[in-house]
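Here's the structure, in structure tokens; my notes come after.
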Amino acid sequence: MSVVVRAPEAADEAAWRQLWAGYNDFYNADVPEEVTAHTWRRVLDPASPVFGLLAEEDGRLVGMALCVHHEGTWSLTGVCYLEDLYVDPAARGGGVGRAILDHLVAHCRAQGWTDLYWHTRDTNATARRLYDSYVAVDDHVRYRMELD
Ligand SMILES: CC(C)(COP(=O)(O)OP(=O)(O)OC[C@H]1O[C@@H](n2cnc3c(N)ncnc32)[C@H](O)[C@@H]1OP(=O)(O)O)[C@@H](O)C(=O)NCCC(=O)NCCS
């Protein structure tokens with residue numbers, strides 16, 4: 001089956017929300033509706049640094065990535081943070097995740113951004129197998145303060 005990766009459109013909202021809900025479940029996260037709605041609005045807003053990619057297989061949305069482009073102090077053109085990556089469980093293992101990442105890498109290169117980076121849990125062996133095939137993990141650790 002061939003996978004098409006493309007930018008989201010307004011008509012994708014319901015299908016995207018299903019993927020987003022699955023992703024939230026994966027992380028046992030309870031994202032408030034106002035945040036979900038705000039995220040989707042930003043995905044569709046060309047002026048927002050948030051952007052998304054959707055993967056379609058046989059006309060059905062089966063995967064998504066959400067990213068943030070931001071400036072960086074170590075580059076002239078900015079960098080890209082891959083915040084979320086999710087593939088419908090029924091479509092996993094068929095190259096959808098790789099197709100999304102390949103598309104994202106090509107997009108970042110086309111924009112002239114200097115870095116693409118992301119995090120995942122060190123226990124997420126499945127995702128890490130995919131990620132390890134792109135680049136070796138580096139030696140940074142993450143510090144995070146919840147402020148509200
Ligand atoms: C991680 C995830 C996005 C991978 O998506 P996918 O469509 O199944 O990945 P692919 O089919 O493109 O697999 C790519 C590679 O990952 C590895 N992989 C994927 N699923 C695997 C599995 N169940 N067992 C072993 N390796 C696996 C393989 O190395 C595979 O390599 P290949 O292309 O040489 O076969 C998907 O499993 C997912 O959504 N998981 C839940 C959410 C998550 O963990 N997101 C990432 C963290 S933020």
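Each ligand, and each atom within it, is numbered from 1 in the order the structure gives. Quick note: residue numbers are just sequence positions, from 1.
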TODO: Give yes if a backbone or side-chain nitrogen or oxygen of F26 is under 3.5 Å from a nitrogen or oxygen of ligand 1, and no if not.
DONE: no
Task: Atom indices of ligand 1, in the order listed, that fall short of 4.0 Å to a heavy atom of V87 - done: 3 (C), 5 (O), 7 (O), 38 (C), 39 (O)
TODO: Heavy-atom contacts with Y23 under 4.0 Å: which atoms of ligand 1 show up? List them by number with element.
DONE: 48 (S)
TODO: Under 4.0 Å from a heavy atom of L85: give me the atoms of ligand 1 that qualify, with their elements.
DONE: 3 (C), 42 (C), 43 (C), 45 (N), 46 (C)
Open item on the list: If the condition is side-chain contact (heavy atoms from CB on, under 4.5 Å), which residues does A99 pass it with, not counting sequence neighbours?
Closed with: V3, V5
Task: Atoms of ligand 1, numbered as shown, that sit under 4.0 Å from any heavy atom of Y131 - done: 46 (C), 47 (C)
Open item on the list: One residue to check: D84. Relative to ligand 1, which of side chain, backbone, both or neither has a non-hydrogen atom less than 4.0 Å away?
Closed with: neither
Open item on the list: Between T114 and S75 (side chain of the first, backbone of the second, donor and acceptor by atom type, cut-off under 3.5 Å), is there such a pair?
Closed with: no
Open item on the list: Please confirm whether Y134 approaches ligand 1 to less than 4.0 Å, judged on its heavy atoms.
Closed with: no
Open item on the list: Over 60° means perpendicular and under 30° means parallel, so tell me whether Y23 and F26 are parallel, tilted or perpendicular.
Closed with: parallel
TODO: Please report which non-hydrogen protein atom sits nearest to atom 8 (O) of ligand 1, along with the residue it belongs to and the distance in Å to one decimal place.
DONE: G93 N, 2.8 Å
TODO: Identify the protein heavy atom lying closest to atom 22 (C) of ligand 1, giving its residue, its atom name and the separation to 0.1 Å.
DONE: T126 CG2, 3.8 Å
Task: For atom 26 (N) of ligand 1, the protein heavy atom that lies nearest, with its residue and separation - done: R129 NE, 3.0 Å
TODO: Please write down residue, atom name and distance for the protein heavy atom closest to atom 44 (O) of ligand 1.
DONE: N124 ND2, 2.7 Å
Open item on the list: Ignoring hydrogens and geometry beyond distance, is a side-chain donor-acceptor pair present between H119 and Y81 at under 3.5 Å?
Closed with: yes
TODO: Could you list the atoms of ligand 1 found under 4.0 angstrom from a heavy atom of T120?
DONE: 47 (C)
TODO: Taking only heavy atoms of Y27 into account, list the atoms of ligand 1 that are under 4.0 Å away from them.
DONE: 47 (C), 48 (S)
Task: Side-chain heavy atoms of L66 within contact of W40, under 4.5 Å - done: no
Open item on the list: Between V96 and E57, is there a side-chain heavy-atom distance shorter than 4.5 Å?
Closed with: yes
- [ ] Run the numbers for me: atoms of ligand 1, each under 4.0 Å from some heavy atom of A127, listed by number.
- [x] 1 (C), 46 (C)
Open item on the list: Less than 3.5 Å apart, any donor N or O on the side chain of R41 or S48 sitting next to an acceptor on the other?
Closed with: no
- [ ] Return yes or no for this condition: an N or O of H119 is under 3.5 Å from an N or O of ligand 1.
- [x] no
Ignoring hydrogens and angles, write down the donor-acceptor pairs under 3.5 Å from the side chains of residues 122-132, residues two or more places apart or on other chains.
from	atom 1	to	atom 2	distance (Å)
N124	OD1	A127	N	3.2
N124	ND2	T120	OG1	3.4
R128	NH1	D122	O	3.1

Task: Closest to atom 41 (C) of ligand 1 among R92, E83, E57 (heavy-atom distance) - done: R92
TODO: Please step through ring-ring contact (aromatic ring centres under 6.0 Å, His included) for the pair Y117 and H70, ending with a clear verdict.
DONE: CA-CA 11 Å; Y117 70 101; H70 63 90; 5.8 Å; yes
Task: Numbering as shown, the atoms of ligand 1 that approach Y86 to under 4.0 Å (heavy-atom distance) - done: 39 (O), 42 (C)
TODO: Return yes when W118 approaches ligand 1 closer than 4.0 angstrom through a heavy atom, no otherwise.
DONE: no
Task: For atom 11 (O) of ligand 1, the option (of A91, G95, A55, G22) bearing the nearest heavy atom - done: G95
TODO: For residues L101 and L82, determine if any side-chain heavy atom of one lies less than 4.5 Å from a side-chain heavy atom of the other.
DONE: yes
Task: Closer than 4.0 Å: a protein non-hydrogen atom to atom 2 (C) of ligand 1 - done: no
Open item on the list: For atom 16 (O) of ligand 1, what's the nearest protein heavy-atom neighbour? Residue, atom name and distance, please.
Closed with: L130 CB, 3.4 Å
Open item on the list: Out of G97, A99, G94, who is nearest to atom 7 (O) of ligand 1 when you count heavy atoms only?
Closed with: G97
Task: Aromatic ring pairing W113/F51, orientation class (parallel under 30°, perpendicular over 60°, tilted between) - done: tilted
Open item on the list: I'd like to check R60 versus D58 (side-chain heavy atoms, cut-off strictly below 4.5 Å). Are they in contact?
Closed with: no
Task: Under 3.5 Å: N/O of R98 near N/O of ligand 1 - done: yes
Open item on the list: Run the side-chain hydrogen bond (donor to acceptor under 3.5 Å, both in side chains) test on Y134 and D102 for me, step by step, so that the C-alpha distance in whole Å, both residues' side-chain angles and the decisive distance to 0.1 Å come before the verdict.
Closed with: CA-CA 9 Å; Y134 284 84; D102 286 349; 2.5 Å; yes
- [ ] Evaluate the 4.0 Å heavy atom contact test for atom 35 (O) of ligand 1: does a protein atom fall under the cut-off?
- [x] no
Task: Within-cutoff protein neighbour (heavy atom, under 4.0 Å) for atom 28 (C) of ligand 1 - done: no
Task: Close side-chain approach of S133 and R98, heavy atoms under 4.5 Å - done: yes
- [ ] Side-chain contact test, heavy atoms from C-beta onward, threshold under 4.5 Å: evaluate it for E83 versus W118 and give yes or no.
- [x] no
